[in-house]
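Remember, it's a predicted structure, so these values are computed and weren't measured experimentally.
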Amino acid sequence: MTDNNNDNRQQQLEHWLQQVFVDKPFDLDSLPGDASARRYHRIQLLEAGGSGDTRYIVMDSADEQDAMRQFINVAKLMSPAINVPTLIAKNLEKGFLVLQDFGAVEFAHLLNDATPEQINDYYQLAMQTLVALQTVPVETAKSQYQLPDYDTALLDREMNLFSEWFIPYIGVELNEEVWENLKSALINEILLQPQVIVHRDYHSRNLMQDQADTSRLGVIDFQDAVIGSYAYDLVSLVRDAYVEWPEHQVSAWINDFWQLQKQQLLTTADNVVQLENDVNVMGVQRHLKVLGIFIRLSERDGKDRYLGDIPKVMRDLIIELNWLAEQGNDAIKHAVLPFNQWLKDAVLPAYKGKFASA
């Protein structure tokens with residue numbers, strides 16, 4: 001958007017907000033952008049006397065009306081089970097929404113300076129919230145809300161972000177046979193895993209401490225939800241691109257999550273080793289995708305700040321691949337071992353040349 005278009009857009013937004021909040025003066029502050037094309041603002045209604053000001057979040061989705069409709073649709077689906085923002089006002093034609101404001105404290109912020117006990121409590125809350133989401137019936141999500149499946153085409157397309165963006169960025173040649181074999185083996189495994197509603201970006205920047213009830217987490221950025229693996233959101237949480245924990249802690253949380261699933265009588269793995277396997281299979285798919293997305297955000301969209309998060313994502317990918325090479329089933333090992341060899345011989349040396357701190 002040019003500056004002139006931005007100014008016009010801002011005027012349209014302020015005019016609409018004046019119609020929503022009739023005779024109520026307000027301040028509008030733009031919030032830092034995320035990885036999407038959407039823009040967010042915080043609106044503060046200025047009450048007489050200056051006390052008890054009411055705040056909301058304003059979403060400006062000028063070029064993404066379909067995403068906005070999906071946001072509203074998924075919010076309705078999830079709201080009986082988890083804490084998603086209440087919709088205050090909408091104008092789908094213009095691409096404006098006013099939403100409940102959870103506040104400015106992200107899950108990531110809660111972890112700063114927290115004790116190990118507090119950190120564990122926060123992760124237990126995040127996992128309990130995730131299990132609550134997984135109790136929503138898949139049939140309801142499909143029949144009443146038309147949530148799509150995380151199918152072969154989508155899983156494959158996401159992984160191709162690695163081959164289309166990351167591999168050219170580091171300047172190596174793709175080993176097509178090894179690559180296609182890995183993707184096929186992963187997809188075959190993933191489609192056999194128990195199916196639930198998948199948030200698809202369930203991590204420390206999309207969970208908020210609810211300022212109205214600090215014992216609850218607010219969940220945001222869920223409009224890309226699909227029906228898919230029960231392990232996807234868990235790996236997004238415990239192997240977050242922005243927060244790092246030792247592997248023994250990650251394994252402990254995977255075990256806790258398995259117990260929580262069983263307590264809620266959800267369909268889950270027969271044992272915790274199987275869940276850990278499924279988390280690692282799903283994690284390889286996710287982390288291949290994220291490596292590609294972070295390069296695309298830099299190269300195509302000029303958002304270079306995500307480059308600094310790539311070493312963490314690469315470390316997670318290697319942990320997952322090594323686990324599968326040692327403990328995966330025969331079909332996975334058959335695909336992972338040659339891929340790991342190619343990664344070691346061709347990819348990692350070039351990668352380390354680009355990311356010196358890695």
Side-chain angles (χ1 to χ4, degrees), residues 34-40 57-100 102 129-161 186-203 206-208 217-237 261 264-268 278 282 285-286 289-290 293:
D34 65 358
S36 76
R38 292 178 296 278
R39 299 176 67 208
Y40 292 91
I57 294 295
V58 180
M59 182 196 294
D60 176 352
S61 192
D63 304 317
E64 298 188 349
Q65 271 92 342
D66 287 344
M68 182 169 279
R69 287 188 183 89
Q70 192 61 0
F71 181 94
I72 295 167
N73 185 51
V74 177
K76 286 179 184 172
L77 169 66
M78 292 183 173
S79 61
I82 63 171
N83 188 20
V84 297
T86 304
L87 183 63
I88 309 299
K90 64 182 177 182
N91 186 320
L92 285 175
E93 190 181 328
K94 287 194 168 72
F96 297 138
L97 284 184
V98 179
L99 302 162
Q100 173 187 358
F102 286 134
T129 304
L130 181 53
V131 163
L133 175 60
Q134 293 191 353
T135 64
V136 177
V138 165
E139 278 313 307
T140 302
K142 284 187 174 185
S143 63
Q144 295 180 34
Y145 296 88
Q146 290 73 53
L147 243 61
D149 286 319
Y150 216 152
D151 58 13
T152 297
L154 181 53
L155 290 164
D156 188 65
R157 189 163 71 244
E158 288 186 340
M159 284 189 281
N160 284 339
L161 292 165
L186 291 172
I187 289 169
N188 288 341
E189 285 268 314
I190 290 164
L191 295 179
L192 292 173
Q193 295 178 9
Q195 301 288 291
V196 297
I197 295 170
V198 178
H199 176 290
R200 235 167 124 200
D201 224 6
Y202 194 86
H203 59 67
N206 287 335
L207 300 172
M208 310 289 294
L217 289 176
V219 180
I220 61 172
D221 208 16
F222 43 72
Q223 63 279 343
D224 295 324
V226 291
I227 304 298
S229 162
Y230 73 145
Y232 189 95
D233 287 337
L234 178 60
V235 79
S236 304
L237 177 68
Q261 285 184 313
Q264 288 295 325
L265 306 179
L266 292 172
T267 302
T268 187
D278 293 352
M282 198 68 256
Q285 192 275 346
R286 175 168 171 80
K289 170 179 79 167
V290 172
I293 286 175

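Side-chain contact between R69 and I72: absent, with no pair of heavy atoms (C-beta onward) separated by less than 4.5 Å. With a 4.5 Å cut-off on side-chain heavy atoms, L97 and V58 do not count as touching.
Shown here for T152 and I187, the closest heavy-atom pair between the two residues is OG1-CG2, 3.8 Å. The heavy-atom pair separating A81 from A132 by the smallest distance is CB-O, 3.6 Å. Between S236 and H203, the closest heavy-atom pair is O-CB, 3.6 Å. Between P194 and T267, the shortest heavy-atom contact is CB-O, 3.8 Å. The two residues G95 and M68 have their closest heavy-atom pair at O-CE, 3.1 Å. Residues V138 and Q195 share a closest heavy-atom pair of CG2-O, 3.4 Å.
The line from CD1 of I220 to CD of Q100 is 11.5 Å long, rounded to the nearest 0.5 Å. Rounded to the nearest 0.5 angstrom, L92 CG and S61 OG are separated by 10.0 Å. Summarising the geometry, atom CG belonging to L133 is positioned 7.5 Å from atom OG1 belonging to T135; distances are rounded to the nearest 0.5 Å. Note: Y40 OH to I57 CD1 = 9.0 Å, rounded to the nearest 0.5 Å. The line from CD1 of I293 to CG of L161 is 5.5 Å long, rounded to the nearest 0.5 Å. Residue L147 holds its CG atom at 7.0 Å from CE of M78, rounded to the nearest 0.5 Å.
V226 pairs with exactly one of L154, V74, I197 by the side-chain contact (heavy atoms from CB on, under 4.5 Å) rule, that one being L154. A side-chain contact (heavy atoms from CB on, under 4.5 Å) with V219 holds for exactly one of N206, L130, L207; it is L207.
N91 contributes no side-chain N or O that, together with a main-chain N or O of F96, makes up a donor-acceptor pair within less than 3.5 Å. With hydrogens and angles ignored, the 3.5 Å screen pairs no side-chain donor or acceptor of H199 with any backbone N or O of Y232. Between the D60 side chain and the R39 main chain, no donor and acceptor come within less than 3.5 Å of each other.
Among residue pairs with one or both ends in residues 80-98, none qualify as salt bridge (Lys or Arg N to Asp or Glu O under 4.0 Å); sequence neighbours excluded. Residue pairs meeting the salt bridge (Lys or Arg N to Asp or Glu O under 4.0 Å) criterion with at least one member in residues 131-145, sequence neighbours excluded, are K142-D149. Annotation: side chain to side chain donor-acceptor pair (under 3.5 Å) contacts involving residues 74-83, sequence neighbours excluded, comprise N83-D210.
Annotation: side chain to side chain donor-acceptor pair (under 3.5 Å) contacts of E158 (sequence neighbours excluded): Y150, R200, Q285, K289. Scanning for side chain to side chain contact (heavy atoms under 4.5 Å, CB included) contacts around A231 gives Q193, S229, D278, V279, M282, with sequence neighbours left out. Checked against side chain to side chain contact (heavy atoms under 4.5 Å, CB included), A67 has the following partners two or more places apart in sequence or in another chain: R38, E64. In this view, V290 and R286, F294, V313 satisfy the side chain to side chain contact (heavy atoms under 4.5 Å, CB included) rule, not counting sequence neighbours. Partners of F222 by ring-ring contact (aromatic ring centres under 6.0 Å, His included), not counting sequence neighbours, listed by chain and number: F71. Annotation: salt bridge (Lys or Arg N to Asp or Glu O under 4.0 Å) contacts of D156 (sequence neighbours excluded): K183. For Q223, the side chain to side chain donor-acceptor pair (under 3.5 Å) partners two or more places apart in sequence, or in a different chain, are D221. Qualifying side chain to side chain contact (heavy atoms under 4.5 Å, CB included) partners for N188, counting only residues two or more places apart in sequence or in other chains: none. Residues passing the side chain to side chain donor-acceptor pair (under 3.5 Å) test with T140: none are found, sequence neighbours excluded.
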*asked:* As a quick check of understanding, evaluate side-chain contact (heavy atoms from CB on, under 4.5 Å) for I227 and V196, giving each step before the final call.
replied: CA-CA 6 Å; I227 304 298; V196 297; over 6 Å; no
*Step by step, would you call L155 with L191 a side-chain contact (heavy atoms from CB on, under 4.5 Å)?*
CA-CA 10 Å; L155 290 164; L191 295 179; 4.0 Å; yes
